[in-house]
Amino acid sequence: MPGGRALPGAVGALCRAMPPPARLVPEALRRAKLDRPQATLDFWRLLYALLKQIHGGKWSEADAIDTQIRFVKSALWYQGYGRPELYRLPSDGSAGSRELLLAFSWLLHRISLLEQLLARNRVRTGDETSVCMCEDDLSQSEQGTTEIAPEYGPEDRVDIRYLQWLNGRLRFQWRSLHAQHQEQCKLLHKIHLLTSGSHVDQILGHFSVTEMDLIRQPENYKQLVQLLELETMQLEAFLEWKQLELVYWQWMETVLDNMAEEGNMCKPQDAHIEKSSLPKVTSCCPWADSLTGQINKLSRDLMALRDQLHELVTHRRSAWEEKVKARAEDLQREDFPATVRKIQEAVELKLLDLSNLCAPKKNKVHGLCRLVYRSKHSASKTGFSRSVSKEPAPAVSATEVIRELQMREASLQRELKQLREECRQRLDEIAEGLDGVICISP
Amino acid sequence: MARERRVPRAVPPTPRPGCVQPHQDRGAAATPYLHSVTLQQQLPLRRPRRSERSSVLDFLRLKYSVSFPNEAMAPATSERAPACSRGHQSHRTLTLAAALVEALGGGEERRRELERLAARSRGLLRRAGQDDEQPETEASSKDGCESRPSPKELEELELLNRALEKALRVRKSISKTPVEAQVAPAEKPAGEGSAFKNAQEQQVPVSGRDVPGSREARAVSRKPASLKKPSPYQLRAPYRTDPDVKKTQKRAPARCVSQGPRTAGKSSSKAVASRQGRSHRPANSASDQGVCAATELRNAPGSSKSALKEQQSSIRDSVGERNLVAAGRQLIDAGGKSCGSHGVSSRKENPTAEGGSTSPQTVTIQQQGCQLKLPHPYRKAFSRNCRAWERSRLCQTSADAAAARRRFTERIQTTFCSPMPALSPAEIEEELKVLQDVPSLLRQYVEAEPADHPTLQREYESLLTLEGLQSTVSQCLHKLQLLQAAVESQKRLHPDCSGDVGSCCPACVPARGRACGGAGTLAVPLLWYSSFQELRDLFALKLQVSMLHQEIALQKLTMTELLPVLESEACPEASAAQLYRAIYTQLCEGGKRFPVLVRDELAD
């Protein structure tokens with residue numbers, strides 16, 4: 001075995017770098033290599049805890065084991081793990097620790113498990129706000145599938161006025177939320193201004209609300225300090241792991257070797273045959289349905305746009321060609337081809353900007369960010385980067401975020417408008433059917 | 001006149017068979033009024049007579065009471081069914097109601113969290129010597145979690161509904177209606193507004209609650225381009241944080257609003273009188289009055305554009321003021337309570353005292369701020385923590401380790417079932433998210449291309465741009481096709497989907513809950529803002545986007561639940577009209593404006 005003595009070190013560092021509630025004992029890894037059943041439950045629980053932290057959502061260690069297993073399987077599917085053996089593991093967690101070790105190691109590399117967990121569980125001392133609207137995007141797709149009918153029995157009916165009342169309340173609630181947010185901004189900004197230049201961290205410059213409170217009542221924040229220290233230790237373990245990582249991967253390869261010797265490495269062809277023998281899929285997957293819905297909507301939008309553009313372009317092109325033909329001689333004299341080239345380049349540049357917007361942004365900042373006030377004046381002087389020579393820490397400016405939000409807003413407004421238009425048409429049709437009543441829309 | 005000879009048809013009086021007509025006086029609401037303007041105006045001061053009121057309340061209490069939902073919302077078979085016989089619509093919209101209640105609950109949670117945060121910061125600032133710091137407008141939370149309307153709200157609601165019923169009136173001819181109708185919607189909101197003025201503490205958000213928006217939108221609706229939802233910056237909430245509102249509110253002319261009640265007083269008494277006269281009586285006086293009011297009103301918005309704008313702003317201001325007053329009242333009510341509960345020293349403050357100063361750059365405060373020092377243990381822990389993050393961020397994987405890692409991953413991936421889709425579900429979602437705003441963005445680009453061009457060069461540039469956009473659209477469509485194919489093949493692989501029907505639903509949950517995270521970037525991400533305005537815009541936009549998300553989701557739900565009801569169900573004619581109006585208001589106007597329904601007698 002390579003690095004006989006380094007391995008325990010690597011495994012130990014790996015275990016310590018994981019968030020405390022989900023920590024694994026190094027011994028479990030060794031057992032899993034031998035596919036001992038004792039380690040199976042440990043691994044399911046570990047994966048459950050880690051994946052739940054990554055996906056968000058409530059969980060507890062006491063959740064029923066088959067729930068845990070189902071979740072882990074489907075989360076692995078979500079990440080693109082495709083070993084059929086894993087999905088065939090029994091749902092009572094009685095066997096398969098080696099399969100689980102493989103899956104765990106795959107996640108470690110494939111989705112940067114440790115890094116994600118560290119970033120996600122970061123101790124937050126600043127005033128933070130999310131820079132993306134991912135949660136709203138998600139809750140939107142969630143809306144369609146919620147089926148809840150509390151309070152009322154199946155035969156009960158709801159008065160339309162009750163719905164109107166609820167709607168009105170909701171609108172009012174949004175307004176008061178707006179007011180509250182604006183107030184929150186004011187208070188935050190006040191604190192930021194008030195304490196600017198006080199922070200130990202020069203880049204941050206000012207305190208956050210938490211830190212401000214900490215000054216007032218340091219006794220309330222013993223726990224926070226402790227958490228910071230724990231996190232530091234976790235980070236140090238992570239650094240240690242990065243040094244010893246090689247040994248671990250080499251060890252994992254020996255696991256694969258062992259399996260191959262035992263003939264447990266399933267041949268892809270087998271899997272294929274087996275897959276096709278499964279019953280035909282029914283359209284019951286809400287995930288697929290929701291995505292298909294989104295794709296269809298986007299396609300519809302784009303196809304409408306394509307048709308519109310097609311017409312427009314055909315029309316414009318013929319008009320332009322006619323004009324060029326009519327003035328061919330003048331244009332020849334003006335060195336028209338050169339002008340054309342120049343225009344083409346300019347347009348290409350313009351469109352490049354656009355395709356950047358359409359392309360996936362690899363290092364786009366997501367999630368919560370610490371709000372830092374920096375007046376334009378001082379920002380230009382100091383510069384944003386924490387360390388001068390190396391790559392700068394991820395930071396976004398509010399201007400950027402605002403621009404993106406505006407884009408999002410415009411597109412949502414458009415969608416809502418379309419929906420309303422659709423309703424208007426349908427309601428107009430209905431109005432025609434109403435006997436003797438004329439509807440005059442506002 | 002033809003009008004005099006005609007027997008007006010009442011809107012609500014068609015009871016469902018087998019139901020008792022409960023309130024005779026309500027049937028009298030059928031007296032013809034030609035102009036909804038008058039009706040709207042009279043609303044504010046028209047208090048229901050006592051007997052009438054209590055019966056209204058009874059009926060509504062009955063309908064909404066938590067303890068008897070079954071009776072209240074049951075179809076017209078039970079004995080209590082008078083609730084339905086009124087022609088008010090009960091339909092199966094349970095999911096919608098539940099979704100709305102849920103949305104309200106979510107908002108309430110958000111609100112409470114914000115309140116907590118604000119109280120904390122406020123307390124800090126106060127102790128930091130910020131004497132001018134005051135608690136801000138907090139909507140009182142006392143009725144925040146209520147799920148049923150209060151009696152008073154119901155009363156107002158009933159009044160509003162009655163006014164709307166009256167809008168469904170006998171008309172002489174179709175040709176005459178458009179003129180009147182143009183006026184009607186414009187005036188309605190103002191009337192409503194004053195109706196709700198009294199009930200502001202109760203937070204009565206009935207359909208017409210959104211007064212400024214509706215009024216404004218109506219006034220400019222001749223120019224379709226400006227018929228937009230207010231942008232977040234215009235989302236002019238009636239709050240003290242908005243200095244504009246503050247400045248203008250003092251001189252806010254209340255003419256539009258105050259005019260309503262006064263004229264309304266007269267017409268209201270007439271209305272009652274004529275109602276008692278009932279049916280056959282020609283409605284001359286009332287209609288004449290209506291015409292007067294109508295022309296009067298038409299002059300105002302029609303006269304000139306500047307006048308129009310002025311009117312709009314004055315309306316907005318007056319509304320702002322009203323809300324402000326209400327909010328102030330709320331604050332006094334809730335002040336002590338909320339402060340106490342947050343452990344912040346409670347002191348009575350005059351909420352209107354504070355100036356609009358949003359950036360308190362007082363020198364003394366600044367000095368004090370600089371003197372503040374973080375406690376030593378924290379400073380130490382923080383610095384160490386910071387350094388650890390920094391080192392982790394800059395830490396590189398050694399080439400050997402990277403190679404070993406890759407080897408392992410590749411080997412294990414050869415054992416994956418084949419063909420493995422190129423994209424994992426997570427990646428599909430990621431790709432799709434990138435595309436979600438593309439149509440809107442492309443449309444903006446297309447719309448930005450002018451139709452006329454001064455020079456041939458510009459025309460060519462525009463043409464090329466359009467062609468470029470065309471190819472971008474095609475590319476995106478192609479990408480969508482690929483994504484769809486990937487979705488299909490992933491669906492087949494889903495551990496629980498490949499089995500029997502319905503078993504996969506709980507398993508799909510992780511995909512949804514996937515909170516976003518800076519994939520593998522180890523650092524504390526920062527968000528720089530350079531001005532107070534920027535911070536405000538940021539928060540306002542975020543809220544606006546969340547709101548739109550919810551609005552769209554609810555719109556869809558409402559469409560699937562309510563439109564079929566209207567399309568299929570054979571409800572009594574009168575109730576159909578009312579249901580129609582309610583649904584139209586909700587679905588096409590976002591609950592802000594409503595259509596006028598006119599009974600066309602010529603059809604008979």
Side-chain angles (χ1 to χ4, degrees), chain A residues 55-57 73-75 78 80 82 87 112 115 134 136 143 148-149 156-157 160 166 168-169 172-173 176 179-183 185 187 194-195 218 228 232 235 245-246 249 268 271 285 287-288 301 309 347 351 360 366 369 376 393-395 397-398 405 411-412 423-424 436 438 440-442, chain B residues 73 89-90 94 97-98 100 107 114 121 136 139 181 185 205 237 239 241 369 375 381 385 388 401 404 416-418 424-425 434 437 439-440 464 468 470 473 491 495 497 507-508 510 513 515-516 520 523 525-530 534-535 539 541 548-549 553 582 587-588 593 595-596 598 603:
Chain A
H55 288 295
K73 282 182 181 174
S74 105
Y78 182 71
Y87 298 106
S112 313
E115 287 88 340
C134 299
D136 282 281
Q143 277 276 354
I148 11 142
D156 295 17
R157 295 176 162 230
I160 183 78
L166 285 173
R169 275 189 79 88
F172 187 75
Q173 196 177 55
S176 51
Q180 278 184 309
H181 267 118
Q182 294 297 300
E183 192 210 345
C185 288
L187 294 168
L194 200 132
T195 60
L228 274 175
T232 312
L235 285 166
E245 205 182 355
L246 173 67
W249 295 112
C285 179
W287 175 83
D301 277 11
L309 269 171
V347 170
L351 290 172
H366 264 284
C369 282
K376 285 205 177 81
S397 72
L405 285 171
S411 118
L412 289 171
C423 288
R424 198 163 288 133
I438 299 165
I440 300 149
S441 32
Chain B
M73 318 249 169
Q89 306 69 32
S90 315
L94 298 173
L100 280 166
L114 273 169
S121 333
E136 296 285 331
Y239 315 107
T241 39
N385 185 264
F416 283 4
C417 50
S418 66
S424 72
V434 174
D437 290 328
S440 160
L464 281 183
Q470 208 177 7
V473 170
K491 190 166 121 182
C497 270
C508 281
C516 53
L526 302 181
L527 173 57
W528 304 99
Y529 74 97
S530 61
E534 213 173 53
L535 191 65
F539 275 80
L541 266 168
L548 279 167
H549 268 301
L587 283 180
C588 307
R593 299 176 296 162
V596 178
V598 175

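Per chain, numbering begins at 1; letters A, B, ... match sequence-line order.
Annotation for A:Leu351 and B:Gly468: closest pair CD1-CA, 3.4 Å, computed over non-hydrogen atoms. Of all heavy-atom pairs between A:Leu166 and B:Ala97, the closest is CD1-O, 4.0 Å. What you find for B:Ala401 and A:Trp249 is that their closest heavy atoms are O-CD1, 4.1 Å. Nearest heavy-atom pair across B:Pro425 and A:Gly80 is CD-N, 4.3 Å. Here the closest non-hydrogen pair linking B:Cys588 and A:Arg424 is O-NH2, 2.8 Å. Residues B:Ala381 and A:Thr232 approach most closely at O-OG1, 4.5 Å, considering heavy atoms.
Distance CD/A:Glu183 to CG/B:Leu114: 9.0 Å, rounded to 0.5 Å. Atom SG of A:Cys369 is separated from atom CG of B:Leu527 by 5.5 Å, given to the nearest 0.5 angstrom.
The candidate from A:Leu235, A:Leu246, A:Leu309, A:Leu405 with the greatest count of non-hydrogen atom pairs under 4.5 Å with chain B is A:Leu235.
Under the rule for a side-chain hydrogen bond (donor to acceptor under 3.5 Å, both in side chains), B:Ser440 has no partner lying at least two apart in sequence or in another chain. Listed by chain and residue number, A:Thr399, B:Ser530 satisfy the side-chain hydrogen bond (donor to acceptor under 3.5 Å, both in side chains) test with B:Glu534 (two or more places apart in sequence, or in another chain).
Using modelled atom types, one side-chain atom of B:Asn385 and one backbone atom of A:Leu228 make a donor-acceptor pair closer than 3.5 Å.
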